[in-house]
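Contents: one structure, followed by commentary.
Remember, it's a predicted structure, so these values are computed and weren't measured experimentally. In what follows, residues are counted from 1 in the order of the sequence shown.
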Amino acid sequence: MNDSAPSRAARLADVAELAGVSAATASRALNGSDRGVREANRARVLEAAKTLGYTTNFAAQAVAKGRSRGVTLVVKGMPDDFANPITAGVVAAAQRRGLPFTLISAGTDPADLVEAVNLARGHRPEILMIAGGRTKDDATLPALVEALQRYEAEGGRVVLVTQEGLPFDTVAYANRQGGYDMATVLVGLGYRDFAVISGLKHGLTQRDRTEGFAAGLADAGIELSADRILIGEFDRDAAYALTGELLRRNIAVDAVFAVNDAMALGVLTFLRDSGDPKRIAVAGFDDIKALRDVTPALTTVRLPWEQVAEEALDLALGPRADAPRTTVVEGHVIVRESTPPK
């Protein structure tokens, strides 16, 4: 007998025997099912699987059930520093539930998102999440809706992390309210002359944040005129260039609201490079971890990324509803050194 020969791979029956439960209970525990599994039994099954080195054969499950277990997240083209907190939140939430995770990055063109969804459908995941903003003139929306409806008809579950309005379960950010709250806080700090660095003229996220900010100023008796709203791409480099354009206009500005943190970084960097980083206060939106070490520390609207991921998975794993459901997640303003009181 060759003592060095590898031992037989552990089977589900071996896990069940070691855990002292039925094979059906072991299977449900390993698949993350809440049906008929006591927490104590689940713990024993997971420990037994770890001891035996047992791994679930997801490919076999997909063949048997027509659907593979797990979550696939499609992130629509956006800066990495925005995509990362969404991805990290979904990864953590999936791990807590014992769900495998796959990431597909779509391009910036709206048609790329449809292609990414069709690619994900080929992998037949149990849950398909789409993260990323939409535009109000997106001609590809009918094709996207059709692809997602086909996926659900095949037995999958769709959750969108974006704006409301499409016929699927959705977790949406309170973008307009966040912009409004930021305006209220900045006025309370003593600022009166504002500009907005926005992006993607037809993007719904930046539109809602900008309109909310303007509404907050209006309620404080301050008008945000059109020449004080600068529009470019939704990223750091565009905001850097737009800040230079703003200063060349020679209009009085004591505070700039950038509609995401990556753009706020572009504003801060231009002000630093111009030799007067404290000349204008700067605020952003999102509170992405990548920018927490920026000097001065950035005032922003903090979005609860882990809550977003948990809400999305709760919708996907819960019973199907008769009509699409929307959960709106609110942020709150965090005041830091980039907006000192005047």
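- Residues passing the side chain to side chain donor-acceptor pair (under 3.5 Å) test with Thr295, sequence neighbours excluded: none.
- The closest donor-acceptor contact from the side chain of Ser338 to the backbone of Val282 lies under 3.5 Å.
- Counting only heavy atoms from C-beta outward, the side chains of Val185 and Thr299 never approach each other to under 4.5 Å.
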For His332 and Asp181, run side chain to side chain contact (heavy atoms under 4.5 Å, CB included): C-alpha distance rounded to whole Å, both residues' side-chain angles, the deciding distance at 0.1 Å, then the answer.
CA-CA 8 Å; His332 63 280; Asp181 293 343; over 6 Å; no
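- Between the side chain of Asp287 and the backbone N or O of Leu303 there is no donor-acceptor pair closer than 3.5 Å.
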Evaluate the side chain to side chain contact (heavy atoms under 4.5 Å, CB included) criterion for residues Leu313 and Met129: first the C-alpha distance (whole Å), next the side-chain angles of each, then the deciding distance (0.1 Å), finally the verdict.
CA-CA 9 Å; Leu313 277 182; Met129 289 189 189; 3.4 Å; yes
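- No donor-acceptor distance shorter than 3.5 angstrom exists from the side chain of Arg228 to the backbone of Ala195, with no hydrogens or angles considered.
- Taking CG of Asp261 as the reference point, atom CZ of Arg236 lies at 14.0 Å (rounded to 0.5 Å).
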Starting from the C-alpha separation in whole Å, work towards a yes-or-no answer on side-chain hydrogen bond (donor to acceptor under 3.5 Å, both in side chains) for Asp208 and Tyr173.
CA-CA 10 Å; Asp208 290 346; Tyr173 308 126; over 6 Å; no
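- A 4.5 Å side-chain heavy-atom check between Ile130 and Thr162 finds every atom pair outside the cut-off.
- Once rounded to the nearest 0.5 Å, the distance linking CZ of Arg176 with CZ of Arg207 reads 6.0 Å.
- Remark: Glu146 engages Arg150 in a salt bridge, criterion side-chain N to carboxylate O under 4.0 Å.
- For the pair Ala312 and Val159, the tightest heavy-atom approach, listed with the atom from each and the gap, is O-CG2, 3.5 Å.
- Annotation for Glu152: atom CD counts as buried by contact number, over 12 foreign heavy atoms lying within 6.0 Å.
- The environment of Glu245 atom CD is dense: over 12 non-hydrogen atoms of other residues, nucleotides or ligands sit within 6.0 angstrom.
- In the hydrophobic clustering of this structure, Val328 does not group with Tyr180; members are Ile, Leu, Val, Met, Phe, Trp, Tyr whose side-chain heavy atoms approach within less than 4.5 Å, directly or through other members.
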Residues Leu242, Phe270; criterion side chain to side chain contact (heavy atoms under 4.5 Å, CB included); working and verdict
CA-CA 9 Å; Leu242 290 173; Phe270 185 93; over 6 Å; no
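- With contacts defined as side-chain heavy-atom distances shorter than 4.5 Å, the pair Phe213/Leu186 qualifies.
- With hydrogens and angles left out, the side-chain atoms of Asn41 and Thr25 include no donor and acceptor closer than 3.5 Å.
- Side-chain contact between Ile288 and Asn260: absent, with no pair of heavy atoms (C-beta onward) separated by less than 4.5 Å.
- The environment of CZ in Arg302 is crowded: more than 12 heavy-atom neighbours from other residues, nucleotides or ligands sit within 6.0 Å.
- In this structure, Arg157 contributes its side chain and Ala316 its backbone to a donor-acceptor pair below 3.5 Å.
- Rounding to the nearest 0.5 Å places CZ of Arg248 at 10.0 Å from OG1 of Thr243.
- Under the 3.5 Å distance criterion, the side-chain polar atoms of Tyr191 are left unmatched by any main-chain donor or acceptor of Ala281.
- Atom CD of Glu115 is surrounded by 12 or fewer heavy atoms from other residues, nucleotides or ligands within 6.0 Å.
- With sequence neighbours left out, the ring-ring contact (aromatic ring centres under 6.0 Å, His included) criterion links Phe168 to no other residue.
- Here the closest heavy-atom approach between residue Ala297 and residue Glu337 is recorded as CB-OE1, 2.9 Å.
- Considering all non-hydrogen atoms of both residues, Val259 and Ser198 come closest at CG2-CA, 3.8 Å.
- Using a 4.5 Å heavy-atom cutoff, the side chains of Glu126 and Leu317 are in contact.
- Counting all heavy atoms, side chain and backbone alike, Val45 lies closest to Ala26 at CG1-O, 3.8 Å.
- Between the side chain of Gln206 and the backbone N or O of Gly199, at least one donor-acceptor pair lies under 3.5 Å.
- Closest approach of Leu189 and Thr339 over heavy atoms only: CD1-O, 3.5 Å.
- The two residues Leu246 and Leu230 come nearest to each other via the heavy atoms N-CD2, 3.8 Å.
- For the pair Thr205 and Phe285, the minimum side-chain heavy-atom distance is 4.5 Å or more.
- Within the model, atoms CG of Leu271 and CG of Leu247 stand 6.5 Å from one another, a figure rounded to the nearest 0.5 Å.
- Ser27 places no side-chain N or O within 3.5 Å of a backbone atom of Ala24 that could act as its donor or acceptor partner.
- For the atom pair Arg209 CZ and Met182 CE, the distance stands at 10.5 Å (nearest 0.5 Å).
- Counting only distance, with no hydrogens or angles, the side chain of Arg325 and the backbone of Thr170 share no donor-acceptor pair below 3.5 Å.
- Between Val117 and Tyr151 the shortest side-chain heavy-atom distance does not fall below 4.5 Å.
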Checking side chain to side chain contact (heavy atoms under 4.5 Å, CB included) for the pair Arg97/Asp314: CA distance, chi angles, key distance, verdict?
CA-CA 10 Å; Arg97 291 166 168 80; Asp314 284 346; 2.6 Å; yes
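- Between the CG atom of Asp112 and the CD1 atom of Ile104 there is a distance of 12.5 Å, given to the nearest 0.5 Å.
- A salt bridge is absent between Asp227 and Arg249: the closest approach of a Lys/Arg side-chain nitrogen to an acidic carboxylate oxygen does not fall below 4.0 angstrom.
- In this structure a side-chain-to-backbone donor-acceptor pair under 3.5 Å is present from Thr51 to Glu47.
- Phe257 and Ile334 fall into different hydrophobic clusters, where Ile, Leu, Val, Met, Phe, Trp and Tyr side chains are chained together by heavy-atom contacts under 4.5 Å.
- The hydrophobic clustering, which links ILVMFWY residues whose side-chain heavy atoms are closer than 4.5 Å, places Val294 and Val301 together.
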